[in-house]
Undergrad: 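Can you read through this structure? Questions will come right after.
Just the heavy atoms: all of them, side chains too, but no hydrogens, waters or symmetry mates, feed the values below. The first residue in the sequence is number 1, and the count goes up from there.
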Amino acid sequence: MGFHSKPTTFVGNVKIKVEKLDRSIQFYKDILGFNILEQTTSTAKLTTDGKTSILSLEQPENVIPKQGRTTGLYHFAILLPTEIDLANIVIHLVNKGIRFGSSDHLVSEALYLHDPDGNEIEIYRDRAPFEWKWNNAEVAMAVDPLNFENLLKSSTPDRPWQGMPAETVMGHIHLHVSELPKTEEFYVKGLGMDVVNRFGSQALFLSYGKYHHHVGVNTWNGVGAKAPAKNSVGLQSFTLIFDNEEARKQAVTNLKQIGAEVVEENNHVITIDPSGNTIELAV
């Protein structure tokens with residue numbers, strides 16, 4: 001998975017806010033098959049390989065339910081290693097009585113579901129990059145029906161779903177934003193991403209290293225949408241992993257040049273996009 005390892009910059013971890021930590025842990029462990037790496041009274045770091053956390057949960061003080069029509073999380077996307085894994089989790093979710101949607105994006109096959117707080121989750125598998133179709137700098141993506149009959153031929157009933165495979169990664173994150181021009185400047189000129197797909201006038205898909213997208217942004221909650229309350233369910237932050245300190249410093253310089261907010265404390269670097277989404281820059 002070269003799109004999710006150095007030297008490519010990639011999304012390493014997504015931190016979400018939840019109303020009831022115990023309820024969320026039960027969902028992410030029992031339904032999706034994560035393991036706990038670390039836990040406190042108000043936080044949990046979840047892992048698939050027992051070494052790194054790709055998803056973190058936090059129960060803020062005085063937490064309030066998810067707010068509609070705001071910026072923030074549209075979905076975070078968990079990338080499974082193989083088609084077999086996606087087929088097996090389909091059967092697992094059906095057996096657990098979990099409702100989910102689905103789509104064929106040409107570059108990938110995806111399932112969509114919500115956690116107990118309404119945070120949206122995508123679970124997907126990528127088609128091989130040589131199957132992706134590029135028109136100059138844009139990759140072809142669509143929202144087609146998923147062919148379950150074909151997918152389920154890959155399932156292995158003798159070896160059913162046993163939880164998230166160790167090689168699972170955070171594939172991408174998709175955000176609600178308040179507008180696109182400043183957002184594009186932030187992610188392209190500031191963070192060094194390439195626009196790889198323009199979905200009409202309402203969404204952009206951005207990536208490093210010719211991936212189909214590490215970050216998606218859209219204005220589907222309305223141009224001018226406000227940021228949610230700090231203590232509401234939703235996105236706390238996400239982490240971009242840079243290849244080395246030099247690459248991170250360059251991003252910080254670029255962000256400052258376009259007037260973006262950057263906070264540097266004890267090797268901890270945080271930036272905030274024009275819509276109030278918080279990003280940790282790590283190496």
Undergrad: Identify whether the distance between the nearest side-chain nitrogen and carboxylate oxygen of Asp104 and Arg127 falls below 4.0 Å.
TA: yes
Undergrad: For His172, run the side-chain hydrogen bond (donor to acceptor under 3.5 Å, both in side chains) check against His4, His212, His213 and tell me which one passes.
TA: His213
Undergrad: Give me the ring orientation class for Phe205 and His174: parallel if the planes are under 30° apart, tilted from 30 to 60°, perpendicular past 60°.
TA: perpendicular
Undergrad: So, Glu167 side chain and Pro81 main chain: donor-acceptor pair closer than 3.5 Å or not?
TA: no
Undergrad: Answer yes or no: is there a donor N or O on one side and an acceptor on the other, between the side chain of Asn88 and the main chain of Ile91, under 3.5 Å?
TA: no
Undergrad: Enumerate the side chain to side chain donor-acceptor pair (under 3.5 Å) contacts for residues 189-198, please, sequence neighbours excluded, ordered by first and then second residue.
TA: Glu184-Arg198
Undergrad: Do the charged groups of Asp30 and Lys96 touch, with an N to O distance under 4.0 Å?
TA: no
Undergrad: Treat each ILVMFWY residue as a node, draw an edge where side-chain heavy atoms are under 4.5 Å apart, and state whether Leu46 and Ile241 are in one component.
TA: no
Undergrad: Tell me if a side-chain donor or acceptor on His176 pairs with a main-chain N or O of Ala225 at a distance below 3.5 Å.
TA: no
Undergrad: Any sub-3.5 Å donor-acceptor pair from Asn266's side-chain atoms to His268's backbone N or O?
TA: no
Undergrad: Assess whether a salt bridge exists between Lys256 and Glu261, defined as any Lys/Arg side-chain N lying under 4.0 Å from an Asp/Glu carboxylate O.
TA: no
Undergrad: Looking at Glu83 and Arg125, is there a salt bridge between them, counting it only when a charged N and a carboxylate O are closer than 4.0 Å?
TA: yes
Undergrad: Hey, is Arg248 close enough to Glu245 for a salt bridge, meaning N to O under 4.0 Å?
TA: yes
Undergrad: Are any side-chain N or O atoms of Ser232 and backbone N or O atoms of Pro228, one a donor and one an acceptor, separated by less than 3.5 Å?
TA: no
